[in-house]
There are 2 protein chains.
Amino acid sequence: MLSFTEENYLKTLVQLTVFSEGVEEVGVNSLAKNLSVKPATVSDMLRKLKEKSLVNYKKYGKISLTEEGKLAGMMVVRRHRLWETFLYQKLDFSWDEVHELAEELEHVYSSKLINGLDKFLEFPAFDPHGDAIPNAKGEIALPFRKTLSEISIGESCRIVAVKDNSTDFLQYADKIGLKIQDVITIVAKEDFDALTTILIRNEEFVVSPKFTENIFVVCRLCGKAKGCSC
Amino acid sequence: MLSFTEENYLKTLVQLTVFSEGVEEVGVNSLAKNLSVKPATVSDMLRKLKEKSLVNYKKYGKISLTEEGKLAGMMVVRRHRLWETFLYQKLDFSWDEVHELAEELEHVYSSKLINGLDKFLEFPAFDPHGDAIPNAKGEIALPFRKTLSEISIGESCRIVAVKDNSTDFLQYADKIGLKIQDVITIVAKEDFDALTTILIRNEEFVVSPKFTENIFVVCRLCGKAKGCSC
DNA sequence: TTTAACTGTTAGATTAGTCTAACTTTATTA
DNA sequence: TAATAAAGTTAGACTAATCTAACAGTTAAA
């Protein structure tokens with residue numbers, strides 16, 4: 001049985017490795033920052049997680065998840081995203097309100113509960129932010145996508161997901177009426193101040209990197225991110 | 001903000017006082033037994049709850065809830081019973097499975113979540129065990145009822161609730177097809193071994209006090225428990 | 001290649017909630 | 001009412017998760 005805290009370590013490790021393309025290992029400082037604890041605390045906890053065969057790690061080395069740790073972490077993500085979907089779809093919560101509550105609900109462990117919820121929601125593939133929900137085996141289809149900041153002037157793309165890490169951002173996105181599946185066109189990019197002008201539903205907005213880096217998109221025509229030549 | 005543990009103390013105090021007719025105060029031992037901790041632990045915690053003005057209590061004296069403590073405890077009960085109703089109605093959990101999970105879910109605090117759940121379930125008045133669900137103000141209509149063990153030979157009554165404290169009992173109740181609103185008739189009572197023969201849906205069962213003391217009933221005809229002369 | 005900066009570890013303290021063992025107060029009963 | 005039993009309290013210890021402060025190891029730069 002994993003504690004609330006251990007689950008948070010595993011979930012964060014999943015986010016920093018499995019969900020970060022090309023990153024397989026992280027350092028103590030980075031993990032500490034993401035968990036809002038001090039590195040000393042992480043050092044201690046790593047000993048415990050290693051004892052339980054959940055992480056690969058040795059003193060002064062890098063941290064990675066074992067298969068077992070990865071599965072456990074994936075299940076926390078699954079619970080989190082299913083609860084977010086429930087709150088959004090059934091209880092009329094908004095985009096930016098679901099995350100905080102899901103942080104608590106995700107730690108209520110019961111396969112019967114989670115699989116029941118999954119069925120009740122008719123096995124959703126994505127949460128309200130557009131992120132894929134791992135299935136009961138912890139499997140996930142890694143999305144094939146870019147961030148909005150990677151799109152060039154004049155190109156159009158379709159929004160497939162938004163990062164759910166900032167309430168500010170989500171509220172702004174909500175305010176300008178942004179929705180998953182919306183089409184965005186890049187009107188202009190200012191190099192010197194990194195502002196981008198985007199067109200959405202015939203309205204123009206000037207946005208900062210904070211905005212463009214938090215939106216995931218695919219090609220408007222073929223649905224691909226990389227290797228598209230439309 | 002109340003901790004998980006503090007909430008459990010308040011919830012248990014509500015159960016032992018508000019929901020136990022004629023009992024307004026409890027002792028340290030009784031509270032300890034109901035929380036499955038040692039009296040020493042309760043002594044310590046009481047100091048903390050008193051500090052926060054949640055209980056009335058002085059050394060070697062009896063324990064009771066303040067208005068504030070009662071409200072907080074009632075809200076835990078409200079959350080518990082709403083989650084039980086959700087699990088039973090929406091996720092197809094059975095009678096005896098809901099309690100344990102609700103013990104965890106009840107501690108996720110958010111008015112928006114609970115009031116949203118209440119609305120989603122269309123403001124249910126009773127949980128799957130037939131117990132009244134406190135409203136958003138913590139108010140509850142105290143049920144007017146007897147236990148099955150108080151009914152005399154030859155009398156019939158209608159089941160309005162069952163205590164949800166024993167999985168054994170709930171499973172047995174489920175097995176013989178017991179439902180809220182069922183009518184039961186007392187066929188015979190043996191004084192020397194305290195067994196009772198009951199008739200339910202034309203089937204006879206011999207049951208022990210554990211069974212008859214865990215079922216709440218009202219008069220089959222007028223719906224009243226006390227003061228009925230049908 | 002030596003030093004500075006960064007990264008990570010260890011030791012010792014703290015807090016919440018629990019325990020056991022010994023003690024104190026209150027209630028009961030002979 | 002004195003003795004005994006029951007109920008309740010206190011002191012001291014433990015665990016998990018955290019912290020700070022001091023130390024150790026690694027990396028990068030001058």
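Quick caveat: nothing in here was measured; it's all calculated off a predicted structure. A note on names: the letters A, B, ... follow the listed sequences, proteins ahead of strands, and every chain is numbered from 1.
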Check nucleotides 3-5 of chain D against the protein and report each pair of N or O atoms closer than 3.5 Å, with its distance, or say if there are none.
none

What is the separation between atom [atom1] on [X] and atom [atom2] on [N], rounded to the nearest whole Å?
X       : N      : atom1 : atom2 : result
B:Lys50 : D:dT9  : NZ    : P     : 11 Å
B:Leu2  : C:dA16 : CG    : P     : 14 Å
A:Lys38 : D:dA22 : NZ    : C1'   : 16 Å

Does [X] have any side chain to side chain contact (heavy atoms under 4.5 Å, CB included) partners at least two apart in sequence or in another chain, and if so, which?
X        : answer
A:Glu24  : none
A:Tyr88  : A:Trp95, A:Val98, A:Pro128
A:Lys38  : A:Thr41
A:Ala161 : A:Asp131, A:Arg145, A:Phe216

Query raised in the report: B:Phe86 vs B:Phe120 aromatic rings, parallel, tilted or perpendicular, using cut-offs 30° and 60°?
Result: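 B:Phe86 vs B:Phe120 ring planes: tilted.
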Query raised in the report: Which of residues 7-15 of chain A sit near DNA chain C, with a heavy atom under 4.0 Å from it?
Result: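 Residues of residues 7-15 of chain A that come under 4.0 Å of DNA chain C do not exist, since none gets that close.
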Query raised in the report: Along nucleotides 7-13 of chain C, 5' to 3', which nucleotides get a B, which get an S, and which get a -, given that the test is a protein heavy-atom distance under 4.0 Å?
Result: SSBB---
Requested in this report: Output every pair passing side chain to side chain donor-acceptor pair (under 3.5 Å) with a member in residues 62-75 of chain A, not counting sequence neighbours, ordered by first then second residue.
Outcome: A:Asn56-A:Ser64
Query raised in the report: Please, which pairs that meet salt bridge (charged side-chain N to carboxylate O under 4.0 Å, His left out) have at least one residue in residues 111-123 of chain B, sequence neighbours excluded?
Result: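 Of all non-adjacent pairs touching residues 111-123 of chain B, those that pass salt bridge (charged side-chain N to carboxylate O under 4.0 Å, His left out) are A:Glu97-B:Lys112, B:Arg78-B:Asp118.
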**Report entry** Residues which pass side-chain hydrogen bond (donor to acceptor under 3.5 Å, both in side chains) with B:Gln15, listed by chain and number, not counting sequence neighbours
**Finding:** none
Requested in this report: Go through the structure and list residues passing side-chain hydrogen bond (donor to acceptor under 3.5 Å, both in side chains) with B:Lys52, not counting sequence neighbours.
Outcome: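 Partners of B:Lys52 by the side-chain hydrogen bond (donor to acceptor under 3.5 Å, both in side chains) criterion, ordered by chain and then number, come out as B:Glu6.
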Report task. For B:Asp92, enumerate each residue passing the salt bridge (charged side-chain N to carboxylate O under 4.0 Å, His left out) test, keeping only those at least two apart in sequence or located in another chain. Result ->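 Testing B:Asp92 for salt bridge (charged side-chain N to carboxylate O under 4.0 Å, His left out), a comparison that skips the adjacent residues, returns none.
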